[in-house]
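Letters A, B, ... are given to chains in the order of the sequence lines, protein chains preceding strands, and every chain is numbered from 1. The figures here come from the full heavy-atom set of this structure, side chains too, leaving out hydrogens, waters and symmetry mates.
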2 protein chains.
Amino acid sequence: MSSADTCATRDVYAAMCPCRDLLDLLANKWSALAIGALEDGPRRFGQLRARLEGVSPKVLSQTLRRLEEQGLLTRTPYPEVPPRVEYELTDLGRGAAVPLADLRLWVEANALPG
Amino acid sequence: MSSADTCATRDVYAAMCPCRDLLDLLANKWSALAIGALEDGPRRFGQLRARLEGVSPKVLSQTLRRLEEQGLLTRTPYPEVPPRVEYELTDLGRGAAVPLADLRLWVEANALPG
DNA sequence: CAGTATCCAAAAGGATACTG
DNA sequence: CAGTATCCTTTTGGATACTG
């Protein structure tokens with residue numbers, strides 16, 4: 001399922017297009033929630049963990065690392081005691097946050113009980 | 001990970017909110033692609049399979065059934081030989097298609113090679 | 001044609017305990 | 001505080017063969 005290295009016309013429907021991987025990263029519950037939680041500025045690990053109700057530290061850590069690898073957010077550790085680490089969206093991440101926010105809003109507006 | 005039955009304020013960040021499940025359904029590569037492939041009208045199973053490059057019949061079938069269960073699309077079999085089955089977005093599905101299309105477009109515009 | 005059945009590999013997710 | 005380590009279960013995905 002991974003992508004090729006070259007691809008002239010970007011098409012998420014093409015199996016070998018690199019953008020498939022990006023779609024796979026963003027079209028994910030925890031990624032969508034994490035990016036949304038960073039829309040209003042930098043947040044710490046514990047803050048994100050509290051906001052993304054039900055996420056385990058392992059899964060949150062994995063999610064944030066993948067997003068960082070793809071350039072959607074930055075991770076900044078501060079040399080303090082106790083340690084403080086802040087996550088913040090990059091310009092790329094802020095761009096992705098727009099359609100994801102629309103998706104979250106649509107879901108909240110259209111979900112039915114049960 | 002499943003949702004509760006009652007929830008006054010819809011919040012995708014709340015673990016027990018039903019909309020979590022809807023987000024989980026839509027925030028998925030194959031769901032996002034399938035819904036997009038139906039934007040321009042009804043399509044047959046084989047057409048969808050061809051468009052969603054790399055999807056196996058099993059996974060496509062599962063994806064479509066989940067979307068049908070949640071009321072995002074309809075499945076219509078025609079009593080012909082050879083059999084023909086058409087999938088079509090519901091009003092709800094057409095609503096969901098909007099933010100998903102934005103997401104796909106953003107991904108295609110912002111994915112980098114390799 | 002439109003799937004289902006089967007088998008299997010890999011990834012995601014979850015609980016909990018532990019560490020710098 | 002901010003994770004990692006470990007163990008385990010579930011889900012997802014993929015290949016292929018088969019059926020109404």
Side-chain angles (χ1 to χ4, degrees), chain A residues 1-3 12-16 20-34 37-38 42-70 73-88, chain B residues 1-3 12-16 20-34 37-38 42-70 73-88:
Chain A
M1 192 168 63
S2 55
S3 59
V12 286
Y13 286 92
M16 295 287 94
R20 258 287 178 88
D21 291 344
L22 186 57
L23 179 65
D24 211 12
L25 174 65
L26 297 181
N28 166 279
K29 180 180 54 174
W30 296 126
S31 293
L33 291 174
L38 292 171
R43 292 290 185 277
R44 302 174 61 168
F45 188 88
Q47 293 178 306
L48 293 173
R49 188 179 171 185
R51 181 118 178 76
L52 274 62
E53 282 187 20
V55 75
S56 71
K58 190 195 70 171
V59 169
L60 179 57
S61 171
Q62 283 177 350
T63 301
L64 293 172
R65 266 190 276 114
R66 273 192 297 242
L67 292 172
E68 188 194 6
E69 279 169 23
Q70 298 309 309
L73 55 81
T74 58
R75 176 184 179 277
T76 309
Y78 293 88
E80 304 170 359
V81 180
R84 177 168 60 103
V85 178
E86 289 198 335
Y87 295 88
E88 183 169 18
Chain B
M1 195 167 65
S2 57
S3 59
V12 285
Y13 286 92
M16 294 288 94
R20 259 287 178 89
D21 290 345
L22 185 56
L23 180 65
D24 211 12
L25 175 65
L26 297 180
N28 168 279
K29 180 180 53 174
W30 296 126
S31 293
L33 291 174
L38 292 170
R43 292 289 185 278
R44 303 174 60 168
F45 188 88
Q47 293 178 306
L48 294 172
R49 189 179 171 186
R51 181 119 178 77
L52 276 61
E53 282 187 19
V55 74
S56 71
K58 189 195 70 172
V59 169
L60 179 57
S61 171
Q62 284 177 351
T63 301
L64 294 171
R65 266 189 276 114
R66 274 191 298 243
L67 293 172
E68 189 195 5
E69 280 169 23
Q70 298 309 309
L73 56 80
T74 58
R75 176 184 180 278
T76 310
Y78 293 89
E80 304 171 358
V81 179
R84 178 169 59 102
V85 178
E86 288 198 336
Y87 294 87
E88 184 170 18

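Whole-Å rounding puts the Leu60(A) CG to dA12(C) P distance at 15 Å. Straight-line distance from the CG atom of Asp21(B) to the C1' atom of dT10(D): 15 Å, rounded to whole Å. For the pair Leu48(B) CG and dC1(C) P, the computed distance is 14 Å after rounding to whole Å. In this structure, the CG atom of Leu52(B) is 15 Å from the C1' atom of dT12(D), given to the nearest Å. When the C1' atom of dT11(D) is taken as reference, atom NZ of Lys29(A) falls 11 Å away, rounded to whole Å. Distance CZ (Arg43(B)) to P (dC1(C)): 17 Å, rounded to an integer number of Å.
Sorted pairs that involve residues 44-58 of chain B and meet salt bridge (Lys or Arg N to Asp or Glu O under 4.0 Å), not counting sequence neighbours, are lacking altogether.
Here the closest non-hydrogen pair linking Pro42(B) and Glu86(B) is CB-OE1, 3.8 Å. Between Asn28(B) and Asp24(B), the shortest heavy-atom distance links the atoms CB-O, 4.1 Å.
Within the 4.0 Å cut-off from OP1 or OP2 of dG14(C), at least one side-chain nitrogen or oxygen of Trp30(A) is found. Contact annotation: Asn28(A) reaches the phosphate of dG13(C) (side-chain N/O to OP1 or OP2, under 4.0 Å). Taking only side-chain nitrogens and oxygens, Arg66(B) never comes nearer than 4.0 Å to OP1 or OP2 of dT11(D).
Within the 4.5 Å cutoff, the side chain of Leu52(A) has heavy atoms near those of the Leu60(A) side chain.
Qualifying side chain to side chain contact (heavy atoms under 4.5 Å, CB included) partners for Arg65(B), counting only residues two or more places apart in sequence or in other chains: Ser61(B), Gln62(B). For Glu80(B), the salt bridge (Lys or Arg N to Asp or Glu O under 4.0 Å) partners at least two apart in sequence or on another chain are Arg84(B). Residues satisfying the side chain to side chain contact (heavy atoms under 4.5 Å, CB included) criterion with Val85(A), sequence neighbours excluded, are Arg75(A), Pro77(A), Tyr87(A). Partners of Pro83(A) under the side chain to side chain contact (heavy atoms under 4.5 Å, CB included) rule, at least two apart in sequence or in another chain, do not exist in this structure. Listed by chain and residue number, nothing satisfies the side chain to side chain donor-acceptor pair (under 3.5 Å) test with Gln70(B) (two or more places apart in sequence, or in another chain).
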Under a 4.0 Å heavy-atom criterion, the protein footprint on nucleotides 2-8 of chain C, written with B, S and -, is SSB-BB-
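Comparing the local axis fitted to the first five base pairs of the helix from dC1(C)-dG20(D) to dG20(C)-dC1(D) with the one fitted to its last five gives a bend of 50°, rounded to 10°.
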